[in-house]
Amino acid sequence: MWGRRTAQVFPPAVDTWVRLGTLAAAVVVLGLALGGWDYARSAYVTRVGWVRDQPVPFSHKHHVGDVGLDCRYCHTGVEDSAEAGLPPTHTCMTCHSQLWTGAALLEPVRRSLASGQPIHWQRVSKLPDYVQFNHSIHVARGVGCVECHGRIDQMPLTARAEPFQMKFCLDCHRDPSTRLRPVALVTRMEPLPWSEAERRAYGLRVMAAHRIDPKVLDNCEICHR
Amino acid sequence: MSEDTPLPTGLPQATGQAYWRGLDELVDEPGFMATLAERFPALATGPFSGEAGDWRRRDILKCLGGAVALAGLDGCERRPDEEALPAVVADEDGTPGVARFYATAVELDGVAQPLLGKTREGRPVKLEGNPEHPASLGATDAFGQAALLDLYDPDRSAAPLERGTPTTWARAEDALTGLRAALDASGGAGFRLLTGPVGSPTLRRQIAGLLARWPGARWHLLASGRTDHTAGGDLPRLDRAEAVVCLDADPLGPGPWQVWNATRWGQRRRAFQGGAGSASLYVAEPSPTITGVTATRRLAAAPSRIGVLLAALAARVGVAGVATAPLTSPERAWVDAAGDGLAKARGRGLILVGKDQPASAQALAAAIEAHLGNGATRTALPPLDALVPVDAAALLPDMAAGRVRTLLVLGANPAYALPGFAEAAARVATRLHAGLHVDETAQLAHWHLPLAHLLESWSDGRAADGSAVPIQPLVRPWLDARSRHAVLGLLLGDSKDDRTRVRETWPQLSDDAAWEEALLKGRIAGSEPAAVSPRPAAAPAPLSPPSPTDGLSLVVRPDPCVWDGSLAGNPWLQELPKPLTKLTWGNAVHVSPALAREQGLKNGDMVRLTAGDRSVTGPVWILPGQERHTVLVHLGHGRRAGSKVAQGVGFDVHPLLGATGPVRLERADGSATLASTQQHFAMEEDEFVRFVDTLADTLPPEPASSFYPPQKSSPAWGMAIDLDLCIGCNACVVACVAENNVPMVGAEQVAKGREMHWLRVDRYYRGDPDDPVHAFQPVPCMHCEDAPCEMGCPVNATVHSPDGLNLQVYNRCIGTRTCSAYCPYKVRRFNWFDLTSKDPPELRAARNPEVTVRSRGVMEKCTYCIQRISAARITAKKEDRAIAEGEVVTACQAACPTQAIVFGDVSRPDSAVSTRKAGGRDYDLLAEAQTRPRTTYQARIRSGESHGGEEA
Amino acid sequence: MTDPARHEPFALLAEFDDPERLVAAAHALKEQGWARLDAFTPFPVKGLDEALGFADDRVAKATFVGGVVGAVTAFAMQAGLSLDYPLWTGGRPLIAVPSFLMITFELTVLGAVLAGIGTLLVTSRLPRFNHPAFDAERLDLSRDDRYFLAILAGPTFDRDEAGKALAALNPRSITQVPKEPGA
Amino acid sequence: MTAASDKRAAQWVLALPTRFPAPTAWLVSMGVALSLLALFLVSVGVLFAQGPGVWGNNIPVGWGFPIINYVWWLGIGHAGTLISAMLLLLGQDWRNTLNRFAEAMTLFAVTCAGLYPILHLGRPWRFYWMAPYVSTMGVWPQFRSPLTWDFFAVLTYLIVSTLFWYIGIIPDLAAARDRATRRRWQVLFGLGALGWRGQASHWQRWQQAYRLTAAIAVPLVVSVHSEISLLFAAGPIPGWASTVFPPYFVLGAAFSGFAVVSMLTVWLRWMLGLHALVTPRHLDMLGRLTLATGLMTAYGYVAEVFAAAWAGRHEMATLTARVTGPYAWSWWGAVLLNFVPLQLLWSQRARTRPLVLLLVGACATVGMWLERFMLVVTSLHHDWLASSAHRYVPTFWDWSLFAGTIGLFLTLFLLFVRLLPVISAFEVREEAVEGGGD
């Protein structure tokens, strides 16, 4: 019937298609929004759980979990410096001059010592350059290593445990009470034998004692300078 | 964790496993050493731990890349995670991320400026004054601050050159050995050593040894027309002088003695503010200097009139038998004022006469001082030793005559600074040059040997007060360069290391304790020269008749920013606005407004300046307050070689040095754009800089400004800048640049109005351009309580902190520039381009790791050195105490030699800043803008008389 | 031409060539008690709504509601988000009502317009690309300069009654619009 | 004119796209437009590659061409909505021949305006931080900032004026669909018409929606440009902090808008031969509108001078700088171009001369641009401290981007002219039948 001049430009199917199309468009838009929201928080962006190739497959699980080294044995700066610091080759060799002296895995370490060239570690817990994080004050207030670095003692290969995004920092800065622990136990990995209520009660006492005011803790200049 | 938070019951006190803390628990811990090391960092460097160990902490090359990565310098955008490179050997510099300070010094014209070098991860990132040293009192000048960048200059010479081609030190050593043999044979005949002024006792000792070993050798001094401070002379004591008269002299101006004089002037002036005696400064000068701007009474006088003024002054104070010439009424008024001032301050007066003035003038000044009994206001320093160099001028004829067979130029640049050197050098058989750069002289030399920067070598020096300063390296030489001592050592065939050489110079340092003490304090005890009795005043010689004033008189001065050109490779100094003109990146022919009117000149017009048979061509700059017929030019520009930064900037006026004959100024073709950071200097009816007449006067109170209550918080940071103390020396500006990683943008961008300085020193004048009143005003961010900028930002990138800081969050900024548009003070700076990410690693290493490096398209501004505030806050928090008064010192405040800048907590009534603000001279800049600035100013006091009276 | 016998009609149309007669006709039918009346015109004809007894103000209501919703949302958003992360700017209070009114007004407008136009489309069942009306002979002229009065087919629709009623108005022509497009 | 002629004209308008009368003139114009558009792309490329430093902006003049052009375009973008909405409510039927392309002009002008605030940013790729969305930073926009207001204002204005224009064109698209013989036109118009069939029950709702939107659009226009004025007036800068600004800006906007509408009217009339529809009466009316708004703008100038006169030294200094300073040409240029040629429009003979209207419109358009330049630059280049005063000199890339957006505008407008009914045919017909009928 398209032959004769008529106003009927479209077959009935068009209406169906248009309605379906509108629906589809709505779904797509919604999908993109949710997808984007999810992507920005996904491990792909935050690198949470990603293991990076290291010159030496160093196992925190072995050294911390099994051997029982304290974090501060290698990360010596953590208590009095902004940076926890990576151990110099000498620190590795304090033990490995006696243990596993011939292990192929440790060849890069020995080479480093011999050549004086540092070991090229790949940083796992890297904050953006515009964030000024200070380890010492967090340790001094009893923020456990595990709060940010996770159960490092269970990581055969080291991976980022938390999304180092602003929201992550803010959550703690706005309510530190449940993340505080006795300073003596900051490097301890296993969860404390405390109920949530006990933790909060303790945290609140610490905050009172040290005049920690969450209202000013989320100010820009605390981290950005 | 503190006792007031006991562990709740049920918590295991033992922590499962037996953690072991580290080697220090296994080995015997040297507790004493640890604490000592903490308090005296330099000790931890273990100078006694042997050369190798000593180098370790300074080992920069090893981890430069790592240091760059760790320092977090890559701007605001997200980057893939970098590699981390821990040191191979435990860092004796202490934990990474903790700054350490080491006492050292840098030299200008052979005068050492005592410094503390701040190092992070084993590399210097900032220089501060050494509070332990009387010649510094913790203050620095612009040159001292900028020395850091010279150390990291990517254009520094990296390897020896033989006839221009890179070679090894081994070959250089062979050559020197050969030369030594030849000289031994010939007794040094035809050997000449050419240096700049040498203050280092060790270097002088080496030179003495050289001259003794080779009697035929000569030592020449290249001072580019400046006095050799190391040859002894009078040391002014402005702190004791209640009335100072400067005739064509610029004691507060840039130069080796600026810090000494400025700190002393600051002491005097502050005492005067406190009611303890007068602090009058009478200046007669051909062209305005910062001393003239600071003066309580200034007179623009042609150089030729200085003698006349001096005579009149002598007559005024009653020196007998002085022939006087007639004076103009302004001159008369000035002489009367100055004379009365001197008379009032009898015995506590000081007369300084510029070195360009004839000896007769100097003698007359001495006579007046003697007449008034002004002995206490100056100390006469003896020459350092018996060595007296021959002036470089005497070298050229010898060279031209072929009497020079071997010439060793050590750390000087005669091919640039000594007209005629190049031609004469052609007749010299062997030309050696040792310097930091492959400069004009190096290009003429057969051998060029790269020198190490003072901050990376062992040495010593003489501070302004004559006392000796040990110089220790902050970092290992990261280029294949040798110290000046090592170079002479090679020639003389002694292979000792520099540290030994220096210690040999100082027998009193032979035992380690004394040596360590010297290194810690940054001064060598008992090295102060005994003050000799001042030279007896010669009888007033008859003054040379004043030359006709119709002709022009030429004044040649070192550039206030790049000095004699040796610093021309330093971008921080090239882009530093000159105090009076605010010119950057180049020099100009400065003329008086009157002369400009006569000859129809305007800023930027090219002119040919001729003195006798020599002439140079350059752009004109009109300088209000300059004497009618005086023409001022600055040395130090028009470099033809050396650092890339230095080349092709400005024009070289060395040819005019010592030129005799009439001075002429002709219009040349064309004009040039001069990169000035300030276009309008006239302060009409505005009161940006406010004055009170006398100490007793106060400013009228401001009406309450805002509807909202003022901000209450503790701490509440604020700053007070006393314009009565500020001398506009620019030390604060460079200190700010160094502390805050402020990028340099170059002449073109400065001319467009895009300089990045967070802190600028505005300069105004009021009144008749031919004889105006000048004033300086440093302008950082005002940190307004009711900040308009914050209202404008759509993304919360600039907000207010509870302790009263106006924050700028770079990584949140999207660059709408609304904050800048709304800022009445225009203190905000914008990254119009990517200014940082292409910096070479050397410059990255120079950056302060505690300050974010800004990326393209974000706004930045003064933060009150928030990184220092945060550091103090964290330290205080760890010790569970409030931040102590004076614990936070901003970079500008630390550098200021007169302590014009005070920073602190305005919420405590007892703090220094509160005391300043409580005074009657305190005022808000642009109070009518109703922004409630936290930075306030104290008005200048016109009079220097303790008991009122004088009107300026 | 479709065959009425085989096809249930959508409506019966009477064609007029000027609006006055259309309105008059509409009045007439209304008085005869015809319920399901409508018309097809090239532009909104004055007085036709009254004649046909249209009084649908859903669009107006929706506009109002949309405006209110927009206003409340806007102010709540601004106040809420300012409190969610309280950052101090320019010494002003966190909830600065005068400043918030701007965006409140804008979103009021946006809400109102979106709601109004949305309701227009929904209540008119638009878009509708394929419609029996498009098949009608000459009806396309109703977008030009003809005016059609329509009696829509309903459960109690009697073609002949309607035909007579329309004929009585002596239109230029009477057309039947089938529900299904013809073969 | 007679009803019959109007009916013919209406049919003829609907046939315009399918039987386009002036292909050559159109192609030539399009050629110019596209070359300017190319310039636009190049300028944006250079800008993104190097940063805002390619412009002449500096400190103190951190705002230069981008903000000037932003305000200018947005001002132009106010006339369309004003014409169609306000005149519709006032029952001015003569608007029917103008409103369609006037509204289209509004859309495209606002589009150009909307680009500038984004291009102007130091980090344009972060522009979405101005929107309140759930970010991983937990930070929100600053709702006390005039820029945030503008963000919402411009967005709202763009959406509302688009919808207003669209529901207005639907009936014509339907008519065009029915008249079209070629398939592609049928489909194009048919899709646009959303199946409109002129049913009386639809018309009734349509009228409610259209009139309500119009009623809301008028205050919207006022609010939008008032907020643009607050972008300046909220700052403490002499020459900005003035309560005169909102009305001053709104009137100026309307003025510049009408000026541009006048130019487009004359141009389209000539190019498409719309003499039957765009009669001297329309030109006359346009002339009156331009004259009226122009005079009000002039009043704004006077008021500003008075305000400055008693607002203290800094304001006075700025005023003096504007009149005598280095940028005096922008002030005098604005005054002369805006108000001197305008006086021609007092005479009806002049108003009805297309060429006169065109030239006056052109002068006013340039003049209003100069006014924006004057407002931004003279205030910023020497605001409070003598020390921070600095000259501002636009660069090539400033000009090229400006020319580029003009190209963008022309391209869009020419496409509209080529593809859609440029005049509201059904309203013309309505006017013919109901106006001409009685």
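Here is how names work: the chains are called A, B, and so on, in the same order as the sequence lines, proteins then strands, and each is numbered from 1.
- For the options C:Leu52, C:Val45, C:Asp84, heavy-atom pairs under 4.5 Å to chain D are most numerous at C:Asp84.
- Proximity to chain D is limited to the side chain of C:Tyr147, based on heavy atoms less than 4.5 angstrom apart.
- Remark: C:Phe40 CZ to D:Arg197 CZ distance equals 6.0 Å, nearest 0.5 Å.
- With a 4.5 Å cut-off on side-chain heavy atoms, D:Thr156 and C:Val113 do not count as touching.
- For the residue pair D:Trp140 and C:Ser82, no side-chain donor N or O sits within less than 3.5 Å of a side-chain acceptor on the partner.
- For chain D, the nearby parts of C:Thr123 are the backbone and the side chain; heavy atoms of each come within less than 4.5 Å.
- Considering OG1 of D:Thr148 and CE of C:Met102, their distance stands at 12.0 Å, rounded to 0.5 Å.
- Of the two parts of C:Ala60, the backbone and the side chain both hold a non-hydrogen atom closer than 4.5 Å to a non-hydrogen atom of chain D.
- For C:Ala79, no part lies under 4.5 angstrom from a heavy atom of chain D.
- Chain C forms more heavy-atom pairs under 4.5 Å with one residue of D:Ala193, D:Ala425, D:Ser223, D:Ala234 than with any other, namely D:Ser223.
- Summarising the local packing, CZ of C:Arg138 is surrounded by more than 12 heavy atoms from other residues, nucleotides or ligands at distances under 6.0 Å.
- More than 12 heavy atoms of other residues, nucleotides or ligands lie within 6.0 Å of CZ in C:Phe54, so this atom counts as buried by the packing criterion.
- Considering all non-hydrogen atoms of both residues, C:Asp49 and D:Ala200 come closest at OD1-O, 4.4 Å.
- D:Gln208 has its side chain out of reach of C:Arg58: every pair of non-hydrogen atoms, C-beta onward, lies at least 4.5 Å apart.
- Heavy-atom distances place the side chain of C:Leu48, and not its backbone, under 4.5 Å from chain D.
- Among C:Leu114, C:Val109, C:Leu110, C:Asp38, the residue making the largest number of heavy-atom pairs under 4.5 Å with chain D is C:Asp38.
- Looking only at heavy-atom pairs under 4.5 Å with chain D, the residue among C:Asp144, C:Leu139, C:Leu120 that has the most is C:Asp144.
- Heavy atoms of C:Thr41 lying under 4.5 Å from chain D belong to its backbone as well as its side chain.
- Between D:Trp149 and C:Ser99 the shortest side-chain heavy-atom distance falls below 4.5 Å.
- In this structure, chain C has heavy atoms under 4.5 Å from both the backbone and the side chain of D:Leu220.
- The two residues D:Ile216 and C:Ala112 come nearest to each other via the heavy atoms CD1-CB, 3.7 Å.
- Here CZ of D:Phe143 is found 5.0 Å from CG of C:Leu81. Values are rounded to the nearest 0.5 Å.
- Using a 4.5 Å cut-off between heavy atoms, C:Leu37 does not touch chain D at all.
- Contacts between C:Leu94 and chain D at a heavy-atom distance below 4.5 Å involve backbone atoms as well as side-chain atoms.
- To the nearest 0.5 Å, atoms CD1 (C:Ile117) and CD1 (D:Ile167) are separated by 4.0 Å.
- Heavy-atom pairs under 4.5 Å with chain D peak, among C:Thr63, C:Thr119, C:Thr89, C:Leu121, at C:Thr89.
- Residues D:Gln142 and C:Leu87 fail the side-chain proximity criterion, which asks for heavy atoms closer than 4.5 Å.
- A salt bridge is absent between D:Arg429 and C:Asp145; no separation between the charged side-chain nitrogens and carboxylate oxygens falls under 4.0 Å.
- Interatomic distance, CD of D:Gln199 versus CZ of C:Phe148, reported as 13.5 Å (0.5 Å rounding).
- Looking at C:Asp57, both its backbone and its side chain come within 4.5 Å of chain D, counting heavy atoms on both sides.
- Using modelled atom types, one finds no donor on one side chain facing an acceptor on the other under 3.5 Å when comparing D:Gln204 with C:Asp56.
- Between D:Asp172 and C:Arg143, no side-chain nitrogen of the basic residue sits less than 4.0 Å from a carboxylate oxygen of the acidic one, so the salt-bridge criterion is not met.
- Residues D:Leu194 and C:Leu126 share a closest heavy-atom pair of O-CD2, 3.5 Å.
- Within the 4.5 angstrom heavy-atom criterion, atoms from both the backbone and the side chain of C:Pro42 approach chain D.
- Listed here is the closest heavy atom pair of C:Phe134 and D:Gly195: CZ-O, 3.6 Å.
- Put simply, the side chain of C:Phe105 reaches to within 4.5 Å of the side chain of D:Pro219, judged on heavy atoms.
- Neither the backbone nor the side chain of C:Pro86 comes within less than 4.5 Å of any heavy atom of chain D.
- We find the CZ-CZ distance between D:Arg144 and C:Phe100 to be 6.0 Å, quoted to the nearest 0.5 Å.
- Per-residue heavy-atom pair counts under 4.5 Å with chain C were compared for D:Leu191, D:Val224, D:Val139, D:Asp150, and the maximum is reached by D:Leu191.
- Side-chain contact between D:Arg177 and C:Asp140 is absent, with no heavy-atom pair separated by less than 4.5 Å.
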